[in-house]
Amino acid sequence: MEGRHSEYAIDLDRIVASRKGGDKLPRFVVNWLKRLVHQDFMNEFLTRGYKGEEFCHECLKYLDVKLEIEGLENLDLIPKGRHCTIASNHPLGGIDGVALIALLSKHFDGRVRLLANDFLMFIDGISSMCVPINKLGGQSRQLPAQIKAAYDSDCEMLMFPAGACSRKIDGRIQDYPWKKTFISQSVRSGRYVVPVHFIGENSKRFYRIATLCSKLGIKFNFAMFLLPDEMYRGQHQTVRIVIGKPLAPEFFDSTRSAYEWAQEVRNISYSL
């Protein structure tokens, strides 16, 4: 990669070494992971040096992914001077995040931050738009303060409240129960909550492996390393995003707990 921006490249050796249990993986497994994540294909794009909003728009072009949007006008229902939390299901674990950042950044003039698994922090092009949530190596002591600061900012927050991409649960592809943080933080900071339904699913192989790892009690998150391959397979498609009407912070009253309200917003998302 001489002469190119190699600092933006995916380096599986570095990523695996930083993961809990990664130092125990045999070399042949790491090499297999490199092929699985299509490291060369990904780096062909990553080494172009795009960053932030431009990164997401160019990534969609590189993958030849087009967006079909319904309900974009609902974002204009948020009162002037108020901010929002966009809460979406997470069916794909890759394209959905890139697509939503591209869409929302365009609408909100780049003022969007994604609370994301810290795997994305290894991708310099998008890390500037993320607040990292370390789900694999233990929660950072600074995390609560980072989340509070993000919600107190003038950026719109994008959340995948399940904390992981969808799995096959009870015979259908769906999120895990949504975590309550986006409710409690939105109410505290006076933000509207906008439910979003992203329509799509990964390959059957992904769900089979994810289910097998869960049944075997394997702690190393192999499913995460399948996501770049799912993104690779997701080229040349049109994805559909449905945006619901914003819910005022007063909507989330004391009749339910924050966790129960989170599941209600989850239900609204899937009903869109």
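Along the sequence shown, residues carry numbers from 1. Hydrogens, waters and symmetry mates play no part in the numbers below; they use all other heavy atoms, side chains included.
Not one N or O on the side chain of D229 forms a donor-acceptor pair closer than 3.5 Å with the backbone of L227. Side-chain atoms of N43 never come within 3.5 Å of backbone atoms of D40 as a donor-acceptor pair (strictly under, hydrogens ignored). Using a distance-only test at 3.5 Å, with no hydrogens or angles considered, no donor-acceptor pair links the side chain of E264 to the main chain of E260. Checked by atom type and distance alone, the side chain of R82 pairs as donor or acceptor with a backbone atom of G190 at under 3.5 Å.
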Assess the residue pair I147 and L115 against the criterion (side chain to side chain contact (heavy atoms under 4.5 Å, CB included)); give the C-alpha distance rounded to whole Å, side-chain angles, the decisive distance to 0.1 Å, and a yes or no. CA-CA 8 Å; I147 292 177; L115 267 71; 4.1 Å; yes
Trace of the side chain to side chain contact (heavy atoms under 4.5 Å, CB included) decision for Q185 with T85: CA-CA 9 Å; Q185 288 290 341; T85 300; over 6 Å; no
Run the salt bridge (Lys or Arg N to Asp or Glu O under 4.0 Å) test on E230 and R205 for me, step by step, so that the C-alpha distance in whole Å, both residues' side-chain angles and the decisive distance to 0.1 Å come before the verdict. CA-CA 10 Å; E230 294 297 327; R205 182 199 63 172; 3.8 Å; yes
Show the numbers, then the answer: is there a side chain to side chain contact (heavy atoms under 4.5 Å, CB included) between L46 and E44? CA-CA 6 Å; L46 295 175; E44 169 60 30; over 6 Å; no
Apply salt bridge (Lys or Arg N to Asp or Glu O under 4.0 Å) to the pair R48 and E58, showing each step before the final yes or no. CA-CA 10 Å; R48 297 177 184 180; E58 293 297 329; 5.9 Å; no
Run the salt bridge (Lys or Arg N to Asp or Glu O under 4.0 Å) test on K168 and D170 for me, step by step, so that the C-alpha distance in whole Å, both residues' side-chain angles and the decisive distance to 0.1 Å come before the verdict. CA-CA 7 Å; K168 190 170 186 179; D170 296 330; over 6 Å; no
Derivation of the side chain to side chain contact (heavy atoms under 4.5 Å, CB included) call for M159 and K179: CA-CA 10 Å; M159 282 283 297; K179 294 178 173 59; over 6 Å; no
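No single ILVMFWY cluster, assembled from side-chain heavy atoms under 4.5 Å apart, contains both M157 and L77. Taking hydrophobic clusters as Ile, Leu, Val, Met, Phe, Trp and Tyr residues chained together by side-chain heavy-atom distances below 4.5 Å, V98 shares a cluster with L72. If you chain together hydrophobic residues whose side chains sit under 4.5 Å apart, L212 and W32 fall into the same group. I173 is not connected to V242 by any chain of hydrophobic side-chain contacts under 4.5 Å among Ile, Leu, Val, Met, Phe, Trp and Tyr, and they are in different clusters. Under the 4.5 Å side-chain contact rule for hydrophobic residues, F198 and L272 do not share a cluster.
The structure places CZ of F108 at 10.0 Å from NE2 of H83, a figure rounded to the nearest 0.5 Å. Note that CD1 of I95 is 12.0 Å distant from SG of C56, once rounded to the nearest 0.5 Å. Atoms NE2 and CD1, from H197 and I268 in turn, are 13.5 Å apart once rounded to the nearest 0.5 Å. Atoms CZ and OG, from F55 and S105 in turn, are 12.0 Å apart once rounded to the nearest 0.5 Å. With rounding to the nearest 0.5 Å, the separation of CZ in R113 from CG in L158 is 11.5 Å. Rounded to the nearest 0.5 angstrom, L114 CG and L104 CG are separated by 10.0 Å.
Scanning both residues, A102 and L60, for their nearest heavy atoms gives CB-CD1, 3.9 Å. Scanning all heavy atoms of the two residues, the minimum distance from P195 to V265 falls at CB-CG1, 4.1 Å. For the pair A87 and F182, the tightest heavy-atom approach, listed with the atom from each and the gap, is CB-CE1, 3.8 Å. Looking at every heavy atom in both residues, I241 comes nearest to A99 through CD1-CB, 4.4 Å. Residues V65 and G234 come closest through the heavy atom pair CG2-O, 3.6 Å. The shortest non-hydrogen separation linking A162 to W178 is N-CD1, 3.7 Å.
Checking R266 against Q174 by side-chain atom types alone, a donor-acceptor pair falls below 3.5 Å.
N202 has its side chain within reach of L92: a pair of non-hydrogen atoms, C-beta onward, lies under 4.5 Å apart. When side chains are defined from C-beta on, H90 counts as touching C165, because their heavy atoms get closer than 4.5 Å. For the pair V194/N74, no side-chain contact is recorded, criterion being any heavy-atom separation below 4.5 Å from C-beta on. Side-chain contact between Y192 and S186: absent, with no pair of heavy atoms (C-beta onward) separated by less than 4.5 Å. In this structure, L103 and I243 have side chains that are in contact, with non-hydrogen atoms separated by less than 4.5 Å. The closest side-chain heavy-atom distance from Y207 to E201 is below 4.5 Å. In this structure, the side chains of F206 and R167 come closer than 4.5 Å at one or more pairs of heavy atoms. Side-chain contact between K215 and T211: present, with at least one pair of heavy atoms (C-beta onward) separated by less than 4.5 Å.
Within the structure, side-chain hydrogen bond (donor to acceptor under 3.5 Å, both in side chains) pairs that include any residue of residues 238-247 comprise E68-R240, E70-R240 (at least two apart or interchain). For the salt bridge (charged side-chain N to carboxylate O under 4.0 Å, His left out) condition, the pairs that include at least one residue of residues 151-160, sequence neighbours left out, are R111-E156, K148-D152, D152-R188.
Under the 30°/60° scheme for interplanar angles, the aromatic rings of F41 and Y232 are found to stand perpendicular. Below 30°, between 30° and 60°, or above 60°: for F252 and W261 the angle between ring planes is above 60°, a perpendicular geometry.
Applying the salt bridge (Lys or Arg N to Asp or Glu O under 4.0 Å) rule to E250 yields no partners; only residues at least two apart in sequence or on another chain are considered.
Aromatic ring centres of Y50 and F45 lie closer together than 6.0 Å.
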